Amino acid sequence: MNVRRSAAVLAATAVIGAATPAVAASPSPTPSVAIPSGLYGSTDPTYDGVWRQSLALLAQDTVGVKPAGKAVDWLTGQQCANGSFAAFRADPAQACDAKLMVDSNSTAAAVQALAALGGHEAAADKAVGWLKSVQNADGGWGYAPGGASDTNSTSVVVGALAAAGEKPAEVVKGGKSPYDALVELALPCAAGGAFAYQPDKQGELAANADATAAGVVGALGEGLAAEAAAKTAAATCAAPGTPRQAAANGAAYLAKSVAKDGYLTSVLPGAENQPDYGNTADAVVALAAQGGAEQARGPLAWLQRNAAAWAKQSGPAAYAQLIFAAHATGTDPRAFGGTDLVAALNATGPTPQQTGKATGGLQRDDSDEKDSDDGFGVWWTVGVFLVAGIGIGFLISGRRKRRP
């Protein structure tokens, strides 16, 4: 998936055209709320707390790190009584009410993390139950309950369903499964074979690289920490009649998009095309999941050369995305272009209970220390656009995903 998937941020990127700049020129604004000691990252968690925490915990589990107990407790404490999660609840002791904006993305990411960690089946099952209750009639999900289905939200929910032991094809509403929704959001080969985020007001679909990276993984029934396909095969485009073919088409689109420079681009208003690090990391996962690790070598190598500064400024979710890219390609995340992604991620929050064999075994200091360099993050960029006069009423209407 970028620091993909924080609730409103994803929605924000849908309008402003995608991710944050690679390297920030300014420091992060002061958070408007106190940073909980169990939370990863030092930037304001209002719009992405659950998202970034879920990615951090899932990434740690993926590399054999046992997270700090209070980090896991913080995440489980964010859950509402009905099973849903909001982007952030400053006071978990206060019951969720109708004014709280819960969302499919935060909930699905939390499910993936809790299912991976184990021992949280009740919480994960309750969250899955809520996700099923807000499924749209076309089989998909929007960011907010009742919102139009979009590729990103539907895909992250597919990953949650699979992680919780569900069969996504059997989770239906109105006779439609999430795979049906994804196929409907896939463009024909004549239009590149990509996925759209969601139809525009005229019902037309437009290729979206961010949505395509998510859609490929979702159509394969995989989650954020997807693994490489067993067989290496370059994707080719054909009529997207099945989820697997839609995934192949999307992978072919991504492969073509990164073939020249090794990365996906984003365009910020008033700026020239620039690398989109988060989307490129998600594309690595998608390409590997669909066609094997070899298909992702180009963009993976580009990330290894260039992504360290972006991740340092963007924080835990960015480190997690790079760890997922390393995991999907069989690359050592502790030696990722000269950066130990695992150590860097661990440094942004409570010290893990166990760091795994590759990093020296047990460490049980639940230090509250955080990495002060993860500050730029997604929300500084969103703030810049707000100052520039771009409205954000759209923040509650949908999510075109991530990416700082």
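This one's a predicted model, so the numbers in the text were calculated from it and none came from an experiment. Worth knowing before you read on, the calculation uses all heavy atoms, side chains too, and leaves out hydrogens, waters and symmetry mates.
- With hydrogens and angles disregarded, a donor-acceptor distance shorter than 3.5 Å links the side chain of D340 to the backbone of V342.
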Would you list the atom pairs, donor with acceptor, under 3.5 Å between side chains in residues 286-296 and any protein atom, with sequence neighbours excluded?
none

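- Put simply, the side chain of Q79 gets close to the backbone of G83: a donor and an acceptor are under 3.5 Å apart.
- Distance check, rounded to the nearest 0.5 Å: CG of L182 to OG1 of T242 gives 12.0 Å.
- Each side chain to side chain donor-acceptor pair (under 3.5 Å) pair with one or both residues in residues 85-101, not counting sequence neighbours, would appear here, but there are none.
- Using a 4.5 Å cut-off on side-chain heavy atoms (C-beta onward), V33 and D44 make contact.
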Item to check | Test side chain to side chain contact (heavy atoms under 4.5 Å, CB included) applied to E184 and L205, step by step | outcome: CA-CA 10 Å; E184 287 298 314; L205 301 178; over 6 Å; no

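- Atom OG1 of T154 is separated from atom CD of Q198 by 9.5 Å, given to the nearest 0.5 angstrom.
- The shortest side-chain heavy-atom distance between V183 and P243 falls under the 4.5 Å cut-off.
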Next on the checklist: Using side chain to side chain contact (heavy atoms under 4.5 Å, CB included), reason through L341 and R334 one step at a time and then give a plain yes or no.
Outcome noted: CA-CA 6 Å; L341 299 175; R334 295 175 172 85; over 6 Å; no

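- To the nearest 0.5 Å, atoms OG (S54) and CG (L75) are separated by 4.5 Å.
- Side-chain atoms of T212 come within 3.5 Å of backbone N or O of F195 as a donor-acceptor pair.
- Pairing each heavy atom of Y197 with each of N208, the nearest pair is N-CB, 4.0 Å.
- Side-chain contact between H120 and V72 is present, with heavy atoms from C-beta onward closer than 4.5 Å.
- Counting heavy atoms from C-beta outward, S37 and K70 have side chains that approach closer than 4.5 Å.
- Looking at T265 and D276, their side chains never bring a donor and an acceptor atom within 3.5 Å of each other.
- In this structure, Q353 CD and Q60 CD are separated by 10.5 Å, a value rounded to the nearest 0.5 Å.
- In this structure, S104 contributes its side chain and S153 its backbone to no donor-acceptor pair below 3.5 Å.
- Considering L345, D48, T43 as possible partners of P316, the one that fulfils the side-chain contact (heavy atoms from CB on, under 4.5 Å) test is L345.
- When all heavy atoms of D103 and A86 are compared, the pair lying nearest together is OD2-C, 3.9 Å.
- Y277 has its side chain out of reach of L264: every pair of non-hydrogen atoms, C-beta onward, lies at least 4.5 Å apart.
- Counting heavy atoms from C-beta on, the side chains of C80 and L100 come closer than 4.5 Å.
- Partners of E227 under the salt bridge (charged side-chain N to carboxylate O under 4.0 Å, His left out) rule, at least two apart in sequence or in another chain, do not exist in this structure.
- Here the shortest heavy-atom pairing between A124 and V111 reads O-CG2, 4.1 Å.
- Side chain of N136 to main chain of D138: no donor-acceptor pair is present (N/O by atom type, distance under 3.5 Å, no hydrogens or angles).
- Residue pairs meeting the side chain to side chain donor-acceptor pair (under 3.5 Å) criterion with at least one member in residues 249-258, sequence neighbours excluded, are Q245-N249.
- Here the side chain of S149 pairs no donor or acceptor atom with the backbone of G142 at under 3.5 angstrom.
- Side-chain contact, S155 with N152: no donor N or O sits under 3.5 Å from an acceptor N or O.
- Between Q78 and P92 there is a side-chain heavy-atom pair separated by less than 4.5 Å.
- Expressed to the nearest 0.5 Å, how far CG of D125 lies from CG of L114 amounts to 11.0 Å.
- Closest non-hydrogen pair, F324 versus T62, comes out as CE2-OG1, 4.1 Å.
- Two residues are said to be in side-chain contact when any heavy atoms from C-beta on lie closer than 4.5 Å; N346 and V65 meet this criterion.
- Considering all non-hydrogen atoms of both residues, T339 and A308 come closest at OG1-CB, 3.5 Å.
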What side-chain donor-acceptor pairs closer than 3.5 Å can you find for residues 161-169, not counting sequence neighbours?
residue : atom : partner : partner atom : Å
E166    : OE1  : K132    : NZ           : 3.2
E166    : OE2  : K132    : NZ           : 3.1

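- With rounding to the nearest 0.5 Å, the separation of CH2 in W141 from CD in Q135 is 3.5 Å.
- Distance alone, capped at 3.5 Å, is enough to place a donor-acceptor pair between the N306 side chain and the W302 backbone.
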Next on the checklist: Go through it in stages, so that I can follow the logic: the residues are W310 and Y319, the test is ring-ring contact (aromatic ring centres under 6.0 Å, His included), and I'd like the CA-CA distance, side-chain angles, deciding distance and then a yes or no.
Outcome noted: CA-CA 9 Å; W310 165 76; Y319 283 123; 8.4 Å; no

Next on the checklist: Between E170 and S177, does the side chain to side chain contact (heavy atoms under 4.5 Å, CB included) criterion hold? Intermediate values first, please.
Outcome noted: CA-CA 7 Å; E170 297 177 3; S177 79; over 6 Å; no

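- Remark: R244 pairs with no residue by the salt bridge (charged side-chain N to carboxylate O under 4.0 Å, His left out) rule, at least two apart or across chains.
- At least one donor-acceptor pair under 3.5 Å links the side chain of T329 to the backbone N or O of A326.
- Counting only distance, with no hydrogens or angles, the side chain of S133 and the backbone of W130 share a donor-acceptor pair below 3.5 Å.
- For the pair T151 (side chain) and A211 (backbone), a donor-acceptor distance under 3.5 Å is absent.
- Of all the heavy atoms in V156 and A109, the pair that sits closest is CG2-N, 4.4 Å.
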